[in-house]
Amino acid sequence: MSFSPAVRQDRSFTPIVGRRAYSPQLTSAASNAFGADTALTRLFFCRVPERLSPPRAIFWEGDAATHVFYLLEGFLRISRTLQDGRRAVLGFAYAGDLVGLSFQDTYLLTAEVVKAVRLKRLARRRFDELIDKADLRPLLLAEIRRELSSAQEQIVRLGRTSAEERVATFLLNLALRVRSASDAADPDEIDLPFGRLDIADYLGLTVETVSREISKLKRDGLISARGPHKIVLRRLGIIRQLARMNIDQPCNKNCC
């Protein structure tokens, strides 16, 4: 398993909340298996959207957990810094996700902008007041349960599957997210804004192994590249076999 050196000390990553540090946020799946429940996202209706471009962090590990965020567009990388300074990527947040649902006083993870995002933020105190006023606590707990379930699945995946299975599953799950989030004419053309180092740190592999597995999929005609940040899944049936999953089965949001 390979983790890259953490970048949280790079001050070019200016957080819009707090300054730096340690953190978990919970990005969770919804009633349609992807994105937060609409009853929760309505709480952000009157908030003014903000636009942020990389490199930027919306919060760092250890920052005071002052806000909850609703992602409208773009991608966030969710990571944590190990004691020796290396970075572990724990997941990615997509349009429709809530970010920063922490019951702790501080964020336990870092959320960094990978691709330009548009988001809304709501003060955590106000968020909690609205949750109680609208009697949405059960939905919030359901979001957190799905997040925990996703984390458990990722632990199993890292410990019990091969590199080939991990890469194939990652691509299929990403296709599921794209298919759920848009009505694109070609739902099997996926945007891959994160680099191979991000993918390697998320899958618990080396960059060389990720590159080798992707090259193998291309060589076998299972995928093809369309520009520097797009991949087309050509033979879903075979990719499903490699991943040992069904493309139509929902996965927890953070599995990709």
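The residues of the chain are indexed from 1 along the displayed sequence. Predicted, not measured: the structure shown is a model, and the values here were computed from it. Just so it is clear, the values below take in all heavy atoms, side chains as well, and ignore hydrogens, waters and symmetry mates.
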Show me the donor-acceptor pairs within less than 3.5 Å that the side chains of residues 131-142 make with the rest of the protein, sequence neighbours left out.
{"from": "Asp132", "atom 1": "OD1", "to": "Arg137", "atom 2": "NE", "distance (Å)": "3.3"}
{"from": "Asp132", "atom 1": "OD1", "to": "Arg137", "atom 2": "NH2", "distance (Å)": "2.6"}
{"from": "Asp132", "atom 1": "OD2", "to": "Arg137", "atom 2": "NH2", "distance (Å)": "3.3"}

Any idea which heavy atoms bring [X] and [Y] closest together, and the distance?
X	Y	result
Ile78	Ala111	CD1-CB, 3.8 Å
Val113	Ser53	CG1-C, 4.0 Å
Gly74	Leu71	O-CD2, 3.8 Å
Leu122	Leu43	CD2-O, 3.9 Å

* Run the side chain to side chain contact (heavy atoms under 4.5 Å, CB included) check on Leu172 and Arg240 step by step: do they pass? -> CA-CA 8 Å; Leu172 285 174; Arg240 285 199 300 268; 4.1 Å; yes
If you measure from [atom1] on [X] to [atom2] on [Y], what distance do you get to the nearest 0.5 Å?
X	Y	atom1	atom2	answer
Asp97	Leu119	CG	CG	12.0 Å
Leu203	Leu158	CG	CG	7.5 Å
Gln154	Arg166	CD	CZ	8.5 Å
Leu236	Asp188	CG	CG	4.5 Å
Leu90	Ser150	CG	OG	10.0 Å
Phe194	Asp201	CZ	CG	13.0 Å

* Asked: Can you name the residues that form a side-chain contact (heavy atoms from CB on, under 4.5 Å) with Gln152, not counting sequence neighbours?
  -> none
Main chain of [Y], side chain of [X]: is a donor-acceptor contact present, judged purely on distance under 3.5 Å?
X	Y	value
Arg80	Val89	no
Thr161	Arg157	yes
Asn173	Phe170	no

* Asked: Taking the six-membered ring for Trp, are Tyr94 and Phe75 parallel (under 30°), tilted (30 to 60°) or perpendicular (over 60°)?
  -> perpendicular
Side-chain ion pair, [X] and [Y], N-O less than 4.0 Å:
X	Y	result
Arg121	Glu50	yes
Asp198	Arg87	yes
Lys216	Glu213	no
Glu112	Arg56	no
Arg235	Asp220	no

* To do: Determine, stepwise, if the pair Thr110 / Arg77 fulfils side chain to side chain contact (heavy atoms under 4.5 Å, CB included).
  => CA-CA 8 Å; Thr110 292; Arg77 175 178 55 240; over 6 Å; no
* To do: Go through the side-chain N and O atoms of Ser162 and Glu165 and say whether any donor and acceptor fall under 3.5 Å apart.
  => yes
* Asked: Would you say the side-chain atoms of Ser211 and Arg196 include a donor-acceptor pair closer than 3.5 Å?
  -> yes
Do [X] and [Y] come within less than 4.5 Å of each other through their side chains, counting heavy atoms only?
X	Y	result
Val232	Ile223	no
Leu192	Lys230	no
Val48	Lys120	no
Leu222	Leu242	yes
Phe59	Phe69	yes
Leu205	Val167	yes
Val114	Leu76	no

Applying salt bridge (charged side-chain N to carboxylate O under 4.0 Å, His left out), name anything that partners [X], two or more places apart in sequence or on another chain.
X	value
Arg234	none
Arg118	Glu73
Glu129	Arg126
Lys218	none

* Asked: Are there more than 12 heavy atoms of other residues, nucleotides or ligands under 6.0 Å from atom CG of Asp105?
  ->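 No, because the 6.0 Å sphere around CG of Asp105 holds 12 heavy atoms or fewer from other groups.
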* Determine the sole option in Thr209, Ile214, Val210 for which the side-chain contact (heavy atoms from CB on, under 4.5 Å) test with Arg212 is passed. =>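 Of all the options given, the one that passes is Thr209.
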* Where do Thr38 and Thr41 land on the side-chain hydrogen bond (donor to acceptor under 3.5 Å, both in side chains) test, with the steps shown first? -> CA-CA 5 Å; Thr38 53; Thr41 61; 5.5 Å; no
* **Ring centre gap for Phe92 and Tyr202 strictly below 6.0 Å** =>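 When the ring centroids of Phe92 and Tyr202 are compared, they turn out to be within the sub-6.0 Å range.
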* Working for side chain to side chain contact (heavy atoms under 4.5 Å, CB included), residues Val99 and Val68 -> CA-CA 6 Å; Val99 183; Val68 178; over 6 Å; no
